[in-house]
Undergrad: 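Could you have a look at this structure, given as structure tokens, before my questions?
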There are 2 protein chains.
Amino acid sequence: MEDQEIRNAGLKVTAPRVKILELLENSDERHVSAEDVYKMLLAANEDIGLATVYRVLTQFEEAGLVEKHHFEDGYSVFELNKGKHHDHIVCITCGRVEEFVDETIEQRQQKIADELGFQISEHDLVIYGKCMDDNCDRKG
Amino acid sequence: MEDQEIRNAGLKVTAPRVKILELLENSDERHVSAEDVYKMLLAANEDIGLATVYRVLTQFEEAGLVEKHHFEDGYSVFELNKGKHHDHIVCITCGRVEEFVDETIEQRQQKIADELGFQISEHDLVIYGKCMDDNCDRKG
DNA sequence: CCAATAGATGAGAAGCTTTTGCATTCACTC
DNA sequence: GAGTGAATGCAAAAGCTTCTCATCTATTGG
């Protein structure tokens, strides 16, 4: 049940929070923007304001339920925190996002951070490129 | 002379363009925002509008004179293109940016991109962490 | 089960960075 | 040096996100 997750986060169990969490858990698309969530809610006939979507997503992030990423698009995307760490590769043309994990890179990153005096607490690595998808022109 | 670089980029040699390029070349800070540039121009008693700063920086980027990065701050930063590729590690607290190059990571990235069907034409890798700088609290 | 209260919500306004429209000004060509 | 197309400054607008505030609701205790 989503209720408990929300309660554990120290938040009241309200309709918007439950609906948004359900949505994130059932969405085909793992990486969604606040606007995406808002549109999905409208499509599901839920009367939830965009401001609330932003507020709830931010609270979920603070509670560790979701992760927020910026990428180079001008807006933020959120994804359900699945516990295991992973990095992202983002298509600069169509916005497609793939996840990956590479132990070698992890280790090198750690080494570089150590050398430069950085503590990778909020670990977040993004590669940007161009994907070879057939319909790689506009987001779809 | 900056004039030739600007001319080579297919742009008219105007005061704003020369001033901004000079500024980028002489600034202590390699990674500056449009706002930073604008403020530096004001400080130098140059009467150049913010819109022009954005336009010029964008043109410089298209011409390959500078590189633009977003990082997770809400605004973009620009740096003079020094030709040699490098990646960035950014402090999520104070915004400090360090550059690094790691051949192993380069190779692994290439491999990952290949496997996932991405072509790394616009190569851009960013690590986010927390730096251990003494005055790591607010940008400065 | 109801009242009290701290917190949550919706709608719109506001904030920030970046872009655009337009009249004026300027760099380059002849 | 005049003509022309590009460049500039200003203000307005756009796009994403946050804030304000009056209203409403989940939770707690009686």
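Letters A, B, ... mirror the listed sequences (proteins, then strands); counts begin at 1.
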Undergrad: Are any of the side-chain heavy atoms of Phe100(B) and His88(B) separated by less than 4.5 Å?
TA: no

Undergrad: Mind checking if Ser33(B) touches a base, just sugar-phosphate, or nothing, with heavy atoms under 4.0 Å?
TA: nothing

Undergrad: Tracing side-chain links under 4.5 Å among I, L, V, M, F, W and Y, which residues wind up in one group with Met132(B)?
TA: none

Undergrad: Any side-chain N or O of Arg7(A) under 4.0 Å from OP1/OP2 of dA26(D)?
TA: no

Undergrad: Rounded to whole Å, please give me the gap between CD in Glu72(A) and P in dT18(C).
TA: 12 Å

Undergrad: Decide yes or no on side-chain contact (heavy atoms from CB on, under 4.5 Å) for Ser33(B) and Phe78(B), but give the supporting numbers first.
TA: CA-CA 6 Å; Ser33(B) 67; Phe78(B) 299 82; 5.9 Å; no

Undergrad: What residue among Leu23(B), Leu57(B), Val37(B), Leu80(B) forms side chain to side chain contact (heavy atoms under 4.5 Å, CB included) with Val32(B)?
TA: Val37(B)

Undergrad: Provide, to the nearest angstrom, the distance between the CG atom belonging to Asp73(A) and the C1' atom belonging to dT17(C).
TA: 16 Å

Undergrad: What integer distance in Å separates His69(B):NE2 from dT18(C):C1'?
TA: 18 Å

Undergrad: Is a side-chain donor-acceptor pair under 3.5 Å present for Asn8(B) with Gln4(B)?
TA: yes

Undergrad: Which class fits the ring pair His31(A) and Phe71(A): parallel under 30°, tilted 30 to 60°, perpendicular over 60°?
TA: tilted

Undergrad: If you measure only the distance, is there a donor-acceptor pair under 3.5 Å linking the side chains of His85(A) and Glu106(A)?
TA: yes

Undergrad: Hey, is Glu98(A) close enough to Arg30(A) for a salt bridge, meaning N to O under 4.0 Å?
TA: no

Undergrad: Does any part of the side chain of Ile89(A), heavy atoms only, come nearer than 4.5 Å to the side chain of Glu115(B), both counted from C-beta?
TA: no

Undergrad: Taking only heavy atoms on the protein side, list every residue of residues 39-53 of chain B lying under 4.0 Å from any atom of DNA chain C, sorted numerically.
TA: Leu50(B), Ala51(B)

Undergrad: Roughly how many Å is it from CG in Asp36(A) to P in dT17(D), rounded to a whole number?
TA: 10 Å

Undergrad: Measuring only between side-chain heavy atoms, which start at C-beta, is Arg96(A) closer than 4.5 Å to Val90(A)?
TA: no

Undergrad: Using a 4.0 Å cut-off on heavy atoms, which residues in residues 11-30 of chain B reach DNA chain C? List them by number, or say none.
TA: Lys12(B), Val13(B), Thr14(B)

Undergrad: Quick check on contacts: within residues 54-62 of chain A, what sits under 4.0 Å from DNA chain D by heavy-atom distance?
TA: Tyr54(A), Arg55(A)

Undergrad: Examine distances only and state if a side-chain atom of Arg108(B) and a backbone atom of Asp102(A) form a donor-acceptor pair shorter than 3.5 Å.
TA: no

Undergrad: For nucleotides 12-15 of chain D, print each protein N/O atom paired with a nucleotide N/O atom at under 3.5 Å, atom names and distance only.
TA:
none

Undergrad: Is any NZ, NE, NH1 or NH2 atom of the basic residue among Lys68(A) and Glu79(A) found under 4.0 Å from an Asp or Glu carboxylate oxygen of the other?
TA: no

Undergrad: So which atom in Gly129(A) and which in Phe118(B) form the shortest heavy-atom distance, rounded to 0.1 Å?
TA: C-CD2, 4.4 Å

Undergrad: Would you check if the side chain of Asn81(A) reaches a backbone N or O of Glu67(A) as a donor-acceptor pair within less than 3.5 Å?
TA: no

Undergrad: At how many degrees, to 10°, do the end axes of the helix from dC1(C)-dG30(D) to dC30(C)-dG1(D) meet when each uses five pairs?
TA: 30°

Undergrad: Rounded to the Å, how far apart are Ile6(A) CD1 and dT27(D) C1'?
TA: 15 Å

Undergrad: Taking the side chain as every heavy atom from C-beta outward, state whether Glu5(B) and Leu21(B) have any pair of such atoms under 4.5 Å apart.
TA: yes

Undergrad: Between the main-chain N or O of Lys111(B) and the side-chain N or O of Asp114(B), is there a donor-acceptor pair closer than 3.5 Å?
TA: no

